[in-house]
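Structure, as structure tokens:
Here is the naming used below: chain letters follow the sequence lines, and residue numbers restart at 1 for every chain. These numbers come from the heavy atoms of this one structure, side chains and all, not from hydrogens, waters or symmetry mates.
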Amino acid sequence: MNIVEISHLTRDFGNHKGVFDISINIKEGEVYGFLGPNGAGKSTTMRHLMGFYKCQKGNCKIFNMDCWPKQKEIQKTLGYLPGEIAFPNDMTAKHYINMIAKMQGIKDRGYQEELEKYFEIEKDTDISLKKMSKGMKQKIGIIIAFMNKPKLLLLDEPTSGLDPVMQNKFWDLIKDYKDNGATIFMSSHIFEEVEKTCDRVGIIKNGNLIKEVEISEFKHSKSKTYIIEFKSVEEIEKIEEIEEIGEIGEIKEVNKVFKDCKVDLENKTISVDVNDSDINKLINALSKCDIKSFEEEKHSLENYFMKFYGSDGNNGSDEND
Amino acid sequence: MEIMEVMKMISLPLFKQNWLSNLNLLILITLALCVFITVMCNVFTPSTLDSLQGADGGLIGNIVGGVHSLVEFIGNSFFAIMAIIFPMLYSIVVANKLMVEKVEQGTMAGLLATPTKRITIVSTNALFFILSLVLMWLVVFIVGVLAANVFQPDALDVDAFARLCIGCFLYHFVISSICFCASTIFNTTQVSLGLGGGISLFFFLVNLIMKLSNELDFLKYFTLNTLFDTTALISGEGYIENLIILLLIGTILYLTSIIIFPRKDLPL
């Protein structure tokens, strides 16, 4: 069953800003990551799901209910963490959490206290929200999003501002929720986070959904790429499986035993794709050579993603925080 | 049953928070009004009355001209300037804090992420706004009556003073509704302040300029203050129509806000 159904969602803010013809379906129990550079339309999509915006074209449904007219029905079992958290300046964290809890209609406050302890802010809730750091505000936002034990979580860049320990704690919490069958839709531009937590990723750029990929494709890939650096070029020539060696500086693609073997004479390295079943052949071939280093190049989401990121320059991953 | 339905339109936690957030300003403005009204009761004595009537012409003469009683003195001075400008500032500031500031800063997202309906949020804020003004004028009325009794027993026409307070409250009911409506419709404080505050201050200024000369009488059609006619309120004749019009304008503008807010896109 699809919990979130976005079909042909379009919102044009003019000036090529907005989201254009986005369709995403998220199954029950799935953790869906939404990757994209700043200003790509991640938050805009989320805001449609929250019923802050009406859809110009297309529609959004959650729990099979339309997100605009039924927003309050949906929000009874939904947790939302905004991308830009803003709290009233004239309240303490405790007062604010209490107010929101009442507005959410939460009667049992035990879980909220548990979360406060989990994120180690139970002693700081008397501090005015105005004086709180970004990370502390983020924790308060996370507690508010989770405290009604939602079935669906919409998290807009959930770990921004958190220290690495808290990031890990947060990812563990996501795992717990996933194990309990919750559906999670989170936007991010941190690859590590997405790889650790998500089942599937949608890549969005300039308001268009360009690609959807299963994370398992990266995790359980049967072939791996190894980069081997040799003491000298002569060492490379010792490998019988590689027949032709080009001039210095030339990068040659050689296909014999190893598919996609690239030889880089200048750096005295080769990179080779090897199926897990062929790994012994590679070790055998290398056994005669004097090797400087041997490393596996991760088939990471980041490498994959950069292909889409890089195509027009200015929007790299410099915003990772 | 009907009361229960209406109660659903109000969010108590938000209502409580509205009072806490705006209490300082409410107290400050009410206190200022109370101080002014007390001083007026203290200052106005038969001898000051004589000296004021002696001073002929000029703005002061026009404003306090034809004063024969304490309530007329209060009507021509306190209700002409202080009672207009101070609550007006309160309305401009609070209206912006209640709606547009929450949208602009993004704190509205937190409220809207709860199952509390948009109509409940806007109704709660409107109710708080109106009640805070009721409270303000109730306090001013009580303090005015007490002060008059202390300084000049039996000199104040309490009925006329009550009519002035009610009239002034309704005037501010409209001013607040203008500011609230602007604050609900627009998404940036700049525009909301410019329009809501601008219109309110425009009314006040036109009214002030009008008093400079009888030839500027036509300006009365350009200011809301015309509907707050202190002379009619004091005499107790021909004021009802004005008050009904004020009540209608204010109600329509508040209802407009309540209808618009649940239907608009929010750039949160």
Donor-acceptor table for chain B and chain A, threshold 3.5 Å:
{"unit_1": "Ser21(B)", "atom_1": "OG", "unit_2": "Asp90(A)", "atom_2": "OD2", "d": "2.9"}
{"unit_1": "Leu112(B)", "atom_1": "O", "unit_2": "Lys72(A)", "atom_2": "NZ", "d": "2.8"}
{"unit_1": "Thr114(B)", "atom_1": "O", "unit_2": "Lys72(A)", "atom_2": "NZ", "d": "3.1"}
{"unit_1": "Thr116(B)", "atom_1": "O", "unit_2": "Lys72(A)", "atom_2": "NZ", "d": "2.9"}
{"unit_1": "Thr116(B)", "atom_1": "OG1", "unit_2": "Met103(A)", "atom_2": "O", "d": "3.3"}
{"unit_1": "Arg118(B)", "atom_1": "NH2", "unit_2": "Gly51(A)", "atom_2": "O", "d": "2.8"}
{"unit_1": "Arg118(B)", "atom_1": "NH2", "unit_2": "Phe52(A)", "atom_2": "O", "d": "3.4"}
{"unit_1": "Arg263(B)", "atom_1": "O", "unit_2": "Lys54(A)", "atom_2": "NZ", "d": "2.8"}
{"unit_1": "Asp265(B)", "atom_1": "OD1", "unit_2": "Lys54(A)", "atom_2": "N", "d": "2.7"}
{"unit_1": "Asp265(B)", "atom_1": "OD2", "unit_2": "Arg11(A)", "atom_2": "NH1", "d": "3.3"}
{"unit_1": "Asp265(B)", "atom_1": "OD2", "unit_2": "Arg11(A)", "atom_2": "NH2", "d": "2.9"}
{"unit_1": "Leu266(B)", "atom_1": "N", "unit_2": "Phe52(A)", "atom_2": "O", "d": "2.8"}
{"unit_1": "Leu268(B)", "atom_1": "O", "unit_2": "Arg47(A)", "atom_2": "NE", "d": "2.3"}
{"unit_1": "Leu268(B)", "atom_1": "O", "unit_2": "Arg47(A)", "atom_2": "NH1", "d": "3.2"}
{"unit_1": "Leu268(B)", "atom_1": "O", "unit_2": "Arg47(A)", "atom_2": "NH2", "d": "3.0"}

With a 3.5 Å cut-off and sequence neighbours excluded, list the donor-acceptor pairs that the side chains of residues 255-262 of chain B form with protein atoms.
{"unit_1": "Thr256(B)", "atom_1": "OG1", "unit_2": "Ile252(B)", "atom_2": "O", "d": "2.6"}
{"unit_1": "Ser257(B)", "atom_1": "OG", "unit_2": "Leu253(B)", "atom_2": "O", "d": "2.9"}

Would you mind checking which part of Leu111(B) comes under 4.5 Å of any heavy atom in chain A, side chain (CB onward), backbone (N, CA, C, O), both or neither?
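Contact with chain A involves both backbone and side-chain atoms of Leu111(B).
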Please report the shortest heavy-atom distance between Gly106(B) and Ala86(A), naming the atom on each side.
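Nearest pair, atom of Gly106(B) first, then Ala86(A): C-CB, 3.8 Å.
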Could you look at Met99(A) and say if it's the side chain, the backbone, both or neither that has a heavy atom under 4.5 Å from chain B?
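For Met99(A), the contact with chain B is made by backbone and side chain together.
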